[in-house]
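Reading through the structure tokens given below for one structure.
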Amino acid sequence: MDIENLLQELNESQRKAVEYNDGPSLVIAGAGSGKTRVLTYKIAYLLNLGLPPHNILSLTFTNKAAREMKARVGQLMGESVARRLWMGTFHSIFSRILRTEAEKIGFTSNFTIFDSADSRNLIKTIIKEYQLDDKTYKPARIQAMISNAKNALVSPVAYAQSKEMQEYDMKAKIPMVRDIYRSYNARLQASNTMDFDDLLYYTNRLFRDHPEVLKTYQDRFQFILVDEYQDTNFAQYLVVKQLADAHHRVCVVGDDAQSIYSFRGANIDNILNYKSNYPEARIFKLEQNYRSTQNIVNAANSLIKQNKGQIQKNVFSENQVGEKLEVASAFSDFEEGIIVANKIQDLRRSKDSSYSDFVILYRTNAQSRVFEESLRKKNIPYRIYGGLSFYQRKEIKDVIAYFRMVVNPKDEEAFKRIINYPTRGIGNTTVGKIVDTAQLHNLSLWETIGDPLAHNLNVNTGTAKKLNDFHTLIDGFIKELPVASAYELATKIVKESGIAREAYQDQTPEGMSRQENLQELLGGIHEFCESRLEEGEQNIGLIDFLSEVSLLSDQDTDKEVEQEKVTMMTIHASKGLEFKNVFVVGLEEDLFPSSMTKSEPKGLEEERRLFYVAITRAEQFCMLTYAKSRFRNGQTNSCNPSRFLKDIDREFLNANAGVLEGTMGGFSQQTQGNFWDTVRRNREEKEELQEVKRKEESIFERPQIPVSREDKYSKPNFVNARNAEPKTPLTKDIYGIQVGAVIKHERFGIGTVSAIEGDAASRKATVEFENAGVKQLLLKFARFDIIG
DNA sequence: ATCCACTAGGTTTTT
DNA sequence: CCTAGTGGAT
């Protein structure tokens, strides 16, 4: 595409931001101001200047963001160019670097990655080994402390030496944290594993301790772009700084008003103080909001004004003035659900909207339940994002643990997970002995069972045989690793480990669903191999699959709005999305803002930014609701409306009399299991149910779109939903390809698209190639250019 | 070693 | 309301 045409699609400030590339720059991108557009066009611009794609590094926070950006650059500049960009999450790019340089930091390239559950388990074991009380040393808390330390690049040694930290721990009566931290890190290293934070931490160490390595990467990454810069933590900030030190060609994009991840170590000062780090930096502000009505933008502005210490900006909209934000109060959380469901139904009829134009946003996942009920009763189809993701389910984690064990036999948590799964008569007592022996001889658990006699492992002959069988089993898989494809080996593992047999014996509904999940996982691996093959790669082994899935997260699941379904998600998960109609629910003190954050002003400001993010998702209509009583933790509590409601200028709100009264002041009293509440609740529920029954009895009103509970769980990107909806043929597609298009594939040559199907994450095109016959291409992976 | 039943404790957000 | 973890019985 011609670069001049491209620049014409930008407004003045966007274009200036795109065109300036002589030094560091900071782009402050207000909500809905075309941030992604600036990033992608900038990359296109750089490519057009002649910078090769492999010299551009572009960092994001989610795989999804990276994928989308890649696709958009692909549309502008061609797939084959986009493919060569270094574009990905901090974690995935760094893990790639660390694998090549693993030996320099005391790991080997096949290191595996602990998820947070693994980390917590290891911390738990260590706390036990130190014979500490896990009520004083709460694993979750220790985990957070260690994570913070790593994100601040504080090593275990530095931690122990830091006067400040030691004093804090003494005061908190947890002086052993430093020892736990030390052991934890040692154990990770001994088992050749890294936790998420390590990926950032060790990249920093690598660059600090090996200037020649740093130099290589500085030379490679001639231009660096960072998305969502307000969410970077110290470790991320410093890596970027080190990489950019040589040439200062770095562009960071973000919005301080949307910084909502400080609990994960994100430091808003990185963006606020950018100028002092790069005094010569140019700052560009994108202030025109193209997404929302003026009322929505103004309401959001009036809210965020209450925060101190922001980058001065004037976000404005030239769209319609639009409706005011509607505020509603409900007697109970239950009624809140009904109000929202009714409103959705009304709006859908009056505005002729689709269900997919609606989103319900809440502070905590637990709130989704009531809305599930109220929507279901009205036969409104919905989809929930978040909650347990596919890879967090037990049966999937078990299989993945086998994979990890085969790729990296030293992986301690993987070992513990599968040593007795499926049950093979090796219980806690034996595992305890193995752990003790391993520690004594400074070995991994795997090495210990490899030669029990030599290490005086004190088990009876029966157990020794069982251990030996296990060792032989895994060893067999390990031997296959270099020769078998990921799919072949995965299938073999599921079969021969006995997982398949166990799953088939279980005929309960849960058992059946587990079988399906296993099938789905294998199907996903198959697809993964196929698509990589299509890309021209060879020998796609288990290790390739594993390194990809370990860094997938809920945020990466396809959030593309599904046809005709209301969306529900946490506000955090909604970042970057937009909807015509937004419902922000549960606006109550101690829920939003959460009681956990209220102790310090910083926490409160972050909650306010979260609310800002929620409101600015809306294009046309936004409703804010709260309940006067809420069922939580098994009891009904009365609650007060959120103070945030008062932060919005009244002129942008449409609230019935009394709705905004009672904000602040007074304490929430606990009305334990209020009798009348329960009575009313039951009655309401009954009435609603009768209503539903009546409808169901009338054939004509039978709902057309069933709500599937399965949708509750997010699916991994490359795994096709087993019981996916009937595939509706699509004519045009986000990848810019359509039926009838002529494409040029890297390997198959020229062909014509004859069909497109599947949902965005796993969308496939059937292509009739001139010379290569008919092929199915997974659009996400396939490498081709559209030529006609 | 395994399975079941009961209890106590905690529920913010998640790369 | 959930769930993870424990203790007892087999």
Side-chain angles (χ1 to χ4, degrees), chain A residues 59-66 88-95 113-117 119-121 124 128 134-135 138-141 143-144 147 150-151 194-201 227-228 231-233 235-236 259-266 333 361-370 385-389 392 394 419-432 459-460 462-463 466 550-557 569-575 586 590-598 603 606-607 609-611 613-614 630-637 673 714:
Chain A
L59 295 166
T60 61
F61 275 83
T62 65
N63 290 296
K64 182 176 178 259
T89 63
F90 279 92
H91 294 267
S92 71
I93 298 280
F94 291 177
S95 75
I113 295 168
F114 269 18
D115 66 18
S116 356
S119 302
R120 190 154 55 251
N121 285 337
K124 253 185 228 169
K128 261 199 201 119
D134 64 1
K135 277 175 197 122
K138 289 188 182 137
R141 183 180 179 197
Q143 184 181 28
S147 174
K150 287 189 180 180
N151 285 330
M194 292 197 195
D195 66 19
F196 286 132
D197 303 318
D198 284 339
L199 297 172
L200 309 176
Y201 179 90
D227 191 13
E228 307 278 15
D231 288 334
T232 49
N233 61 34
Q236 289 161 327
S259 160
I260 54 174
Y261 281 108
S262 76
F263 67 93
R264 225 172 44 203
D333 50 347
L361 298 178
Y362 33 76
R363 178 67 238 265
T364 66
N365 276 308
Q367 286 165 260
S368 66
R369 228 193 161 73
V370 189
Y385 291 88
L388 256 198
S389 83
Q392 285 172 333
K394 188 188 171 298
I419 180 72
N420 201 28
Y421 176 82
T423 49
R424 46 172 75 84
I426 304 172
N428 287 334
T429 323
T430 309
V431 174
V459 292
N460 62 41
T463 309
K466 288 172 190 161
S550 304
L551 293 173
L552 281 183
S553 71
D554 291 351
Q555 287 289 293
D556 298 320
T557 49
M569 58 173 77
T570 63
I571 303 168
H572 281 91
S574 76
K575 200 161 145 205
D590 292 330
L591 180 61
F592 194 13
S594 155
S595 55
M596 320 284 289
T597 60
K598 295 205 320 192
E606 176 147 321
E607 293 283 293
R609 290 194 294 267
L610 193 55
F611 190 27
V613 168
R630 180 172 295 276
F631 191 70
R632 267 219 281 183
N633 303 347
Q635 54 181 233
T636 303
N637 296 124
S714 30

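Quick caveat, the model's predicted, so the values are computed rather than measured. Note on naming: letters A, B, ... go to the chains in the order of the sequence lines (proteins, then strands), and numbering restarts at 1 for each one. Side chains included, hydrogens not; waters and symmetry mates left out as well; all remaining heavy atoms used.
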Using only heavy-atom distances, decide whether a donor-acceptor pair under 3.5 angstrom links the side-chain of A:R264 to the base of B:dT13. no
Does A:K575 make a side-chain N or O approach to OP1 or OP2 of B:dT14 shorter than 4.0 Å? no
Spacing of A:D333 atom CG relative to C:dC1 atom P, expressed in whole Å: 13 Å
Winner on side-chain proximity to A:K138, out of B:dT13, B:dG10, B:dT12, is B:dG10
Could you say whether A:S594 or A:G427 is positioned toward the 5' end of DNA chain B, judged by the nucleotide with the nearest heavy atom to each? A:G427
4.5 Å side-chain heavy-atom contact, A:D195 and A:K150: yes
Taking any heavy-atom pair under 4.0 Å as a contact, classify A:T429: base, sugar-phosphate, or nothing. sugar-phosphate
Pairing of A:R632 and A:D333 as salt bridge, 4.0 angstrom limit: no
At under 4.0 Å, does any side-chain N or O of A:N365 touch on OP1 or OP2 of B:dT13? yes
Please check if the distance between the ring centroids of A:Y261 and A:H572 is under 6.0 Å. yes
Name the closest nucleotide to the A:T430 side chain, picking from B:dT13, B:dT12, B:dA1. B:dA1
Quantified in whole Å, what is the P atom distance between nucleotide B:dT13 and nucleotide C:dA4? 15 Å
Given DNA chain B, 5'-ward residue of the pair A:G425 and A:L610, judged by closest heavy atom: A:G425
Please confirm whether the backbone N or O of A:I419 pairs with a side-chain atom of A:R424, one donor and one acceptor, at under 3.5 Å? yes
A:D198 atom CG is separated from B:dT15 atom P, nearest whole Å, by 17 Å
Hey, is the side chain of A:N420 poking within less than 4.0 Å of OP1 or OP2 on B:dT2, counting only N and O atoms? yes
Go through B:dT15, B:dT12, B:dT14 for me and flag the one nearest to the A:H91 side chain. B:dT15
OP1 or OP2 of B:dT14 versus the side-chain N and O atoms of A:S116: is any pair under 4.0 Å? no
Do the charged groups of A:E228 and A:K575 touch, with an N to O distance under 4.0 Å? yes
Candidate pair A:N420 and A:T423, rule side-chain hydrogen bond (donor to acceptor under 3.5 Å, both in side chains), full reasoning: CA-CA 5 Å; A:N420 201 28; A:T423 49; 5.5 Å; no
Report the distance from atom CG of A:N151 to atom P of B:dT14, rounded to the nearest whole Å. 17 Å
Name the nucleic acid region contacted by A:K598, choosing base, sugar-phosphate or nothing; use a 4.0 angstrom heavy-atom cut-off, strictly under. nothing
Under 4.0 Å, heavy atoms only, any strand: does A:D231 hit a base, just the sugar-phosphate, or nothing? nothing
Looking at the side chain of A:F631, which of B:dT14, C:dC1, B:dT12 is the nearest nucleotide? C:dC1
Candidates B:dT15, C:dC2, B:dT13 - which lies nearest the side chain of A:R363: B:dT13
Among the nucleotides B:dT12, B:dA1, B:dG9, which one has an atom lying closest to any side-chain atom of A:K135? B:dG9
Please work out if A:K466 contacts a base, only the sugar-phosphate, or nothing of the nucleic acid, heavy-atom cut-off 4.0 Å. nothing
Side-chain contact, heavy-atom cut-off 4.5 Å: A:L591 with A:T364? yes
Return the nearest nucleotide to the side chain of A:T570; candidates are B:dT13, B:dG10, C:dG5. B:dT13
Distance in angstrom units between A:N121 CG and C:dT3 C1', rounded: 14 Å
Kindly confirm whether the side-chain ring of A:Y261 is stacked on the base of B:dT13, judged by centres under 5.5 Å and planes under 30°. no
Starting at atom CZ of A:R632, determine the distance to atom P of C:dC1, rounded to an integer number of angstrom. 16 Å
Between C1' of B:dT12 and CZ of A:R609, the distance in whole Å: 15 Å
Whole angstrom value for the distance that separates C1' of B:dT14 from CD1 of A:I113: 16 Å
For atom CD of A:Q392 and atom P of C:dA4, their distance in whole Å: 11 Å
